[in-house]
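All values reported here derive from a predicted model rather than from experimental measurement. In what follows, chains carry the letters A, B, and so on, assigned in the order in which the sequence lines appear, proteins first and then strands, with residues in each chain numbered from 1.
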Amino acid sequence: MLALADCNNFYASCERVFQPHLEGKPILVLSNNDGCVIARSNESKALGIKMGVPVFQVKNTIEQHNIQVFSSNFTLYGDLSKRVMSTIRQEVKAIEVYSIDEAFMDFSGEGKHLEKGIDLKKKVQQHIGIPISIGIAPTKTLCKVAGLIAKTHTKSGVFVLKDKAIIERALKWLPVEELWGVGRRHARKLNDVGIKTAYDLCRADDSWIRRRLSVVGLRMVKELRGTPCFPLEEQASKKKNICTSRSFGKSISNIEGLKEAVSNYANSCAYKLRKQQGCASRISVFIHTNPFKPTDKQYRGFTSLILDTPSNDSIELVRLALKCLEKIYRSDCTYKKAGVIVSDISPQQQQQLSLFDTINRQKHQSIMTALDSINDKFGKDKVHLAVQGYGRRWKMKQEQLSPCYSTRIEDALRVYL
DNA sequence: TCTGGGGTCCTAGGACCC
DNA sequence: TCTGGGGTCCTAGGACCC
């Protein structure tokens, strides 16, 4: 048996941990630049606020119901996530951290599954203050279904999906578009041919599913029928692509501003590469105008460069990123977003050196190591390249940012006795 | 006025090889 | 008149996830 632990309304719950008076009150967490709604407490969901809507469209509802609004604080959410995962890790044989707010677990073995789930939920609540739901079933896809039921149809927040009859009942109840692996496109395709529920899909012909939903869809259906196709993966695999991109708080029309942003993103990619001990041999840069302003001239620039020798050196990657930028920049546009992608990633240990290499790699590597250790200790970008700038004209809008209670000592709560 | 930021996998088609 | 059979690699696009 497997289980899926899923944090309820995770970002909203994180904000509540340090502001418990918000319990029972509607909360929203916004995307970067405070643009869209990316998390809602139950109370906000009940008020009809949809996932992903631009904030300005629900401004009235926010004011009317005095909804508490937060900018996204990923430092806080990331830290609380780590803590939730480590509490879970102590209670189970194996865990796969699937996303910031979800983990699959090995729930096999003796003991009653339901009780074990309830106990785990209680521990996470007590240790971290984050409410979770748990779905328990023989396959990952069925765990997802069980988790959905746990969240909506149980008091305990834990549900076991094991008996054949209960699985069948659950699948007949579940609309096909709610399935893990069925997105909007597939849902429409399936609905068009009369497949409305997960149960309908289970009864469809294998070769038909294979043709319409590819092998990925077929695996999912097999899992619904009880055959595991997605094993528990304890080791997080290394990224094959790494991207850092942002929309700007304010549009940028000069190349200097873009240079500053792009060098920061390239530096961030290089940092992420070093953290996973990889080197990239391709770097790409893109810049976009604002697609929501149709009156503006629209342009999307994208280009890549191939490196002779794979690298994770900030100095080199920033230089190449700026070279890409020069190629795609057009002075007659106003830009709203830029990004850097590094790909073709290979392990740092096995690099083939280029015959014509001019960089002193060893020296650069020492610089990077020093840079990382300083910044890990004293804060992000405490020491950085000059091109990254100090102006931050491109920076994000974050007007409702909560403190980093658990990761910055200055932000820690003070308790007066 | 105001609209996020990351990822993965699969498939089809083209270019190329022998 | 008739025009093979087997591969690989790469890329773009489409689908999905959080």
Side-chain angles (χ1 to χ4, degrees), chain A residues 4-7 9-11 28-39 49-60 62 69-74 77-78 81 96-104 140-141 144 147 176-190 209-221 229-230 233 236-251 261 264-265 268-269 272 276 281-282 284 286 288-296 302 304 306 334 336-345 396-400:
Chain A
L4 170 70
D6 190 339
C7 301
N9 316 322
F10 184 53
Y11 299 164
L28 293 179
V29 178
L30 309 183
S31 62
N32 285 341
N33 290 311
D34 296 345
C36 292
V37 172
I38 59 165
I49 294 181
K50 301 270 180 263
M51 182 70 172
V53 288
V55 185
F56 69 88
Q57 288 177 7
V58 291
K59 217 174 148 199
N60 287 341
I62 293 174
V69 176
F70 294 91
S71 302
S72 37
N73 183 346
F74 287 109
Y77 311 151
S81 169
E96 170 186 344
V97 177
Y98 177 69
S99 72
I100 192 162
D101 67 337
E102 283 171 85
F104 287 104
K140 281 185 172 176
T141 310
K144 278 276 187 182
V176 79
E177 60 267 26
E178 308 261 315
L179 273 172
W180 188 46
V182 175
R184 257 209 298 271
R185 299 293 180 107
H186 284 339
R188 214 176 45 214
K189 254 196 270 181
L190 293 170
I209 297 169
R210 166 77 232 247
R211 220 171 37 242
R212 291 303 193 85
L213 308 183
S214 87
V215 290
V216 183
L218 186 55
R219 280 186 206 128
M220 171 196 65
V221 174
C229 295
F230 306 122
E233 289 170 19
S237 48
K238 305 216 161 158
K239 304 254 177 291
K240 297 170 179 173
N241 302 287
I242 291 172
C243 171
T244 303
S245 75
R246 294 283 180 279
S247 296
F248 308 132
K250 274 189 185 148
S251 297
N264 274 279
Y265 305 158
S268 154
C269 285
K272 294 177 191 172
Q276 73 163 31
S281 53
R282 179 192 293 260
S284 314
F286 63 84
H288 293 171
T289 52
N290 187 349
F292 296 105
K293 258 191 170 172
T295 47
D296 278 12
F302 177 92
S304 306
I306 309 283
T334 301
K336 188 62 181 169
K337 181 172 180 172
V340 174
I341 305 165
V342 289
S343 45
D344 290 0
I345 298 173
M396 291 188 287
K397 196 173 124 190
Q398 286 186 310
E399 289 171 352
Q400 312 289 334

Task: Derivation and outcome, side chain to side chain contact (heavy atoms under 4.5 Å, CB included), residues A:Leu4 and A:Lys144 - done: CA-CA 7 Å; A:Leu4 170 70; A:Lys144 278 276 187 182; 3.7 Å; yes
If you measure from [atom1] on [X] to [atom2] on [Y], what distance do you get to the nearest 0.5 Å?
X: A:Leu30; Y: A:Ser72; atom1: CG; atom2: OG; result: 7.0 Å
X: A:Lys240; Y: A:Lys238; atom1: NZ; atom2: NZ; result: 13.5 Å
X: A:Lys336; Y: A:Thr289; atom1: NZ; atom2: OG1; result: 11.5 Å
X: A:His186; Y: A:Met220; atom1: NE2; atom2: CE; result: 8.0 Å

Determine: side-chain N/O of [X] to OP1/OP2 of [N], distance under 4.0 Å, yes or no.
X: A:Ser245; N: B:dG4; answer: no
X: A:Lys293; N: B:dT1; answer: no
X: A:Lys240; N: B:dG6; answer: no
X: A:Ser247; N: B:dT3; answer: no
X: A:Arg219; N: B:dC10; answer: yes
X: A:Lys272; N: B:dG6; answer: yes
X: A:Arg282; N: C:dT11; answer: yes
X: A:Lys337; N: B:dG5; answer: yes
X: A:Arg246; N: B:dG6; answer: yes

Name the closest nucleotide to the [X] side chain, picking from [options].
X: A:Phe56; options: B:dT3, C:dC18, B:dC10; value: B:dT3
X: A:Glu102; options: B:dG6, B:dG5, C:dC18; value: C:dC18
X: A:Arg185; options: B:dT1, B:dT11, C:dC16; value: C:dC16

Task: 5'-to-3' dot-bracket of DNA chain B (Watson-Crick, G-U; under 3.5 angstrom; crossing pairs as [ ]; | other strand) - done: ....||||||||||||||
- [ ] Name the nucleic acid region contacted by A:Arg210, choosing base, sugar-phosphate or nothing; use a 4.0 angstrom heavy-atom cut-off, strictly under.
- [x]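 Sugar-phosphate contact only - A:Arg210 comes under 4.0 Å of backbone atoms but never of a base.
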- [ ] Classify the nucleic acid contact of A:Val55 as base, sugar-phosphate or nothing, counting any heavy atom under 4.0 Å across all strands shown.
- [x]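 Contact class for A:Val55: none.
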- [ ] Please state whether the rings of A:Phe248 and A:Tyr265 are parallel, tilted or perpendicular, taking 30° and 60° as the class boundaries.
- [x]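 It falls in the parallel class, under 30°.
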Task: Flag if over 12 foreign heavy atoms under 6.0 Å of NZ, A:Lys189 - done: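 More than 12 heavy atoms, drawn from other residues, nucleotides or ligands, come within 6.0 Å of this atom.
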Nearest-Å distance, [atom1] ([X]) to [atom2] ([N])?
X: A:Ile242; N: B:dG5; atom1: CD1; atom2: P; answer: 18 Å
X: A:Phe230; N: B:dT8; atom1: CZ; atom2: C1'; answer: 12 Å
X: A:Asn241; N: C:dG13; atom1: CG; atom2: C1'; answer: 15 Å

